[in-house]
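Before any comments, here is the structure.
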Amino acid sequence: MGEGERGSAVRGRPRAVEVFAGPLPEFEPERAPADPVPLFLSWLSDAVADGVRDPHAMTLSTVDEAGDPDARVLILKGVDGVGWQFAGHGFSPKGQQLAVHPRAALTFYWPEHGRQVRLRGPVTPGSAQDNATDFLGRSDTARAESLPARQSQYLVDPAERDRALERSLSLIRREPSLVDSGWTLYTLAPAEVEFCQAARGRVHTRLRYERAGEAWERFRLWP
C-alpha cells in the first residue's frame with residue numbers, strides 16, 4: 001500500500017467506527033423536572049449503576065486573554081442548587097484564564113448511554129475554607145504535586161520534577177494540615193444546561209434549560 005493509500009485509509013477509518021452500538025435509554029422531555037439538577041443527578045446515577053468508566057469526568061472549556069479556546073478533562077467535585085464544582089490551581093492555565101474571563105463551559109459524555117450534558121455560565125472561586133477543605137481531601141501525592149505551582153510549564157529534566165515532588169511530600173508529612181494558598185474550588189452557576197439523548201437513527205432528543213431569574217425555562221431543540 002502506497003503512502004497515499006495509507007493516508008486515505010486512515011482518513012476514512014473514523015467513519016467506519018460504529019457509534020451508539022448498544023441499546024440506548026429512553027428520554028421523555030415532557031416528564032423532565034422543573035430544575036436541571038435532579039435530571040443531571042439521575043443521569044449520573046444511571047452511569048454509575050451501569051458501570052460507565054469515570055462517569056464524573058467532564059471537559060472544562062475556557063478562553064485565554066486572546067479569546068482562544070482551551071479545554072481539558074477534570075473530575076466533578078460536587079453539584080447542588082448553586083452550581084457544579086471543580087478544582088484547580090489558581091496559577092495553572094485554567095486558573096489564569098478564569099481570572100481574566102470568569103465564564104466557562106462543562107461537557108459530560110456517557111457513551112454507553114449516548115447521553116451528553118452541556119453547561120455554560122459564570123464561574124466563581126470558593127472561600128478560603130472551601131478551598132482548604134478540598135485541598136486537604138486530596139491524596140498526599142496530589143497535594144505534593146500542586147505545591148510547586150508549575151502545572152503546564154516546560155519540563156526540561158524529569159529528575160527536577162521528581163526532586164520537587166519528594167521535597168513537597170516531605171513537607172506534607174511534617175505539616176499534614178499545610179494548605180496550598182493557590183488551590184481553588186470553583187463553582188460554575190449555569191445560565192443554560194442542555195441534555196442530549198442520542199438515537200441510533202440520529203434523530204436525537206435535546207432539552208435545554210435556560211435560567212429565568214430564580215426559575216428555569218425549558219425548550220426542546222432540533223437534533
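It should be emphasised that the depicted structure is a prediction, and the values quoted were computed from it without experimental measurement. These numbers come from the heavy atoms of this one structure, side chains and all, not from hydrogens, waters or symmetry mates.
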All side chain to side chain donor-acceptor pair (under 3.5 Å) counterparts of [X], not counting sequence neighbours:
X: Glu217; result: none
X: Ser127; result: Asp130
X: Asp140; result: Arg143
X: Gln151; result: Lys94

Under the ring pair (Phe, Tyr, Trp, His ring centres under 6.0 Å) definition, can you give me all pairs with a residue in residues 146-168, not counting sequence neighbours? none

Give the intermediate values and the outcome of side chain to side chain contact (heavy atoms under 4.5 Å, CB included) for residues Leu136 and Val179. CA-CA 7 Å; Leu136 293 174; Val179 172; 4.0 Å; yes

Do [X] and [Y] have side-chain heavy atoms sitting under 4.5 Å apart?
X: Tyr186; Y: Thr124; result: no
X: Ser152; Y: Pro93; result: yes
X: Met58; Y: Thr107; result: no

Determine all donor-acceptor pairs shorter than 3.5 Å in which one atom belongs to a side chain in residues 161-176; sequence neighbours excluded.
| from | atom 1 | to | atom 2 | distance (Å) |
| --- | --- | --- | --- | --- |
| Ser168 | OG | Ala144 | O | 3.4 |
| Ser168 | OG | Ala164 | O | 3.1 |
| Ser170 | OG | Glu166 | O | 3.0 |

Within the 6.0 Å centroid threshold, strictly below: Phe20 and His113: no

Do any N or O atoms from the side chain of [X] and from the backbone of [Y] form a donor-acceptor pair under 3.5 angstrom?
X: Arg103; Y: Arg120; value: no
X: Trp183; Y: Ala132; value: no
X: Asp54; Y: Ala57; value: no

List the steps, then state whether side chain to side chain contact (heavy atoms under 4.5 Å, CB included) holds for Gln116 with Phe195. CA-CA 6 Å; Gln116 182 177 177; Phe195 295 82; over 6 Å; no

What pairs with [X] under salt bridge (charged side-chain N to carboxylate O under 4.0 Å, His left out), at least two apart in sequence or on another chain?
X: Arg211; result: none
X: Arg72; result: Asp70
X: Glu28; result: Arg31
X: Glu112; result: none

For residues 34-47, dump all side-chain donor-acceptor pairs below 3.5 Å to protein atoms at least two apart in sequence or in another chain.
| from | atom 1 | to | atom 2 | distance (Å) |
| --- | --- | --- | --- | --- |
| Asp35 | OD1 | Val37 | N | 2.8 |
| Ser45 | OG | Leu41 | O | 2.8 |
| Asp46 | OD2 | Arg115 | NH1 | 3.0 |

Can you give the donor-acceptor pairs under 3.5 Å from side chains of residues 81-89 to other protein atoms, not counting sequence neighbours?
| from | atom 1 | to | atom 2 | distance (Å) |
| --- | --- | --- | --- | --- |
| Gln85 | OE1 | Val79 | N | 3.4 |
| Gln85 | NE2 | Gly83 | O | 3.0 |
| His89 | ND1 | Phe91 | N | 3.0 |
| His89 | NE2 | Asp180 | OD1 | 3.3 |
| His89 | NE2 | Asp180 | OD2 | 2.9 |

